[in-house]
Number of protein chains: 2
Amino acid sequence: MLDSDNTCNTDCPPRDVLDLIGSKWVIMILCCLKSGPLRTGELMRAATGISQKMLTQTLRDLEYNGFVERISHPEVPPRVEYRLTGLGHSLSELTLVMQQWAVANYPAILAQRSRAVGQN
Amino acid sequence: MLDSDNTCNTDCPPRDVLDLIGSKWVIMILCCLKSGPLRTGELMRAATGISQKMLTQTLRDLEYNGFVERISHPEVPPRVEYRLTGLGHSLSELTLVMQQWAVANYPAILAQRSRAVGQN
DNA sequence: CTGAATCCAAGAAGATACTG
DNA sequence: CAGTATCTTCTTGGATTCAG
């Protein structure tokens with residue numbers, strides 16, 4: 001039962017998950033990894049505009065929460081791959097639902113926005 | 001078609017929507033309004049912990065994007081009600097999906113987290 | 001009652017330089 | 001190649017005060 005008497009506490013699973021996928025690069029990373037594992041450098045190129053700091057930071061976060069698996073090959077030079085876990089795939093499907101909702105309703109949102117600015 | 005070549009640009013509808021529902025109080029407000037219109041004061045009490053500034057700020061944002069309708073009754077003292085639009089109800093259903101995913105997968109996430117800290 | 005304005009602290013994110 | 005560390009900037013959110 002979610003939200004018994006119409007109050008959604010601040011510290012609830014939904015908030016926790018939202019803070020995750022709400023962070024700027026998470027969706028993009030999930031997106032990039034959906035079709036298969038990638039190396040760090042490949043991710044850097046695939047996720048256009050991300051800095052190295054944000055990339056590793058986001059990956060650590062995803063790893064910590066069990067959405068991404070880090071595979072380090074003991075070679076020289078170092079080779080590291082990241083791949084979605086089962087939970088990660090599940091999450092990426094959830095974000096897909098959101099994306100679909102977003103593209104479906106975006107025209108309505110934009111229309112309302114221009115209506116709103118017109119009134120001022 | 002979302003995301004043709006595996007890149008999800010920063011300025012895309014999904015990001016835009018995420019920035020909206022990712023903001024701290026949006027879900028809670030949607031939640032509170034789901035069962036019917038509420039006045040400002042009622043919202044203040046329903047959304048436990050919110051400040052007045054964040055309440056009006058969040059409402060303006062929701063209004064601007066067409067999720068909430070502001071109904072001002074020309075009375076003294078002033079009486080204002082907020083109610084979900086059709087788009088708002090649609091969005092609240094989307095957040096419900098997220099909430100369900102969150103509660104369903106939260107145990108797995110927590111388990112992974114404790115496993116992660118154990119390794120360090 | 002409703003809500004706008006201001007000031008302030010904390011966190012997120014970017015740029016850059018450096019290590020194994 | 002992969003990752004860390006530091007410094008700076010910008011945004012969020014909270015506390016308080018004031019106005020219609």
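Protein chains get the first letters and strands the later ones, always in sequence-line order, with residue 1 at the start of each.
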Problem set entry | Distance-only donor-acceptor test, Lys53(A) side-chain atoms vs dG14(C) base atoms, 3.5 Å | yes
Seminar exercise, completed: Sorted by position of nearest nucleotide on DNA chain C, 5' first, the leading residue of Met54(A) and Arg70(B) is Arg70(B)
Seminar exercise, completed: When Gln52(A) and Ser23(A) are each assigned the nearest nucleotide of DNA chain C, the 5'-most assignment goes to Ser23(A)
Exercise. So, Gln57(B) versus Arg60(B): side-chain donor-acceptor pair below 3.5 Å or not?
Worked result: no
Exercise. Closest heavy-atom contact between Asp61(B) and Asn65(B)?
Worked result: O-ND2, 2.8 Å
Backbone N/O of [Y] and side chain of [X]: donor-acceptor pair under 3.5 Å:
X: Ser92(B); Y: Lys34(B); value: no
X: Thr56(B); Y: Gln52(B); value: yes
X: Asn105(B); Y: Trp101(B); value: yes

To the nearest angstrom, how far is [X] atom [atom1] from [N] atom [atom2]?
X: Ile50(B); N: dT2(C); atom1: CD1; atom2: C1'; value: 14 Å
X: Trp25(B); N: dT11(D); atom1: CH2; atom2: P; value: 22 Å
X: His73(B); N: dT2(C); atom1: NE2; atom2: C1'; value: 14 Å
X: Asp19(B); N: dC10(D); atom1: CG; atom2: C1'; value: 14 Å
X: Glu75(B); N: dC1(C); atom1: CD; atom2: C1'; value: 11 Å
X: Met44(A); N: dT4(D); atom1: CE; atom2: C1'; value: 14 Å
X: Arg79(B); N: dG3(C); atom1: CZ; atom2: C1'; value: 17 Å
X: Leu38(A); N: dA2(D); atom1: CG; atom2: C1'; value: 15 Å

Seminar exercise, completed: Between the CG atom in Leu59(B) and the CD atom in Glu69(B), the distance rounded to the nearest 0.5 Å is 13.0 Å
Within the structure, does a side-chain N or O atom of [X] lie under 4.0 Å from either OP1 or OP2 of [N]?
X: Arg39(A); N: dA2(D); result: yes
X: Tyr82(B); N: dT2(C); result: no
X: Ser72(A); N: dA2(D); result: no

Problem set entry | Pairwise 5' ranking along DNA chain D for Gly41(A) and Pro78(B), keeping only the more 5' one | Gly41(A)
Exercise. Of Leu33(A), Ile71(A), Leu38(A), which meets side-chain contact (heavy atoms from CB on, under 4.5 Å) against Arg83(A)?
Worked result: Ile71(A)
Problem set entry | Among Leu43(A), Val26(A), Val68(A), the one residue meeting side-chain contact (heavy atoms from CB on, under 4.5 Å) with Thr58(A) | Val26(A)
Exercise. Are any of the side-chain nitrogens in Arg45(A) or Glu42(A) under 4.0 Å away from the carboxylate oxygens of its partner?
Worked result: no
Exercise. Can we say Asp16(B) and Arg113(A) salt-bridge, meaning some charged N sits less than 4.0 Å from an Asp/Glu carboxylate O?
Worked result: yes
Seminar exercise, completed: When the rotation axes relating C1' atoms of four end pairs to the next four are compared across the helix from dC1(C)-dG20(D) to dG20(C)-dC1(D), five pairs an end, they differ to 10° by 30°
Seminar exercise, completed: Looking only at dC1(C), dG13(D), dG3(C), the nucleotide nearest the Val80(B) side chain is dG3(C)
Exercise. Considering only heavy atoms, which members of residues 57-67 of chain B lie under 4.0 Å from some atom of DNA chain C?
Worked result: Arg60(B)
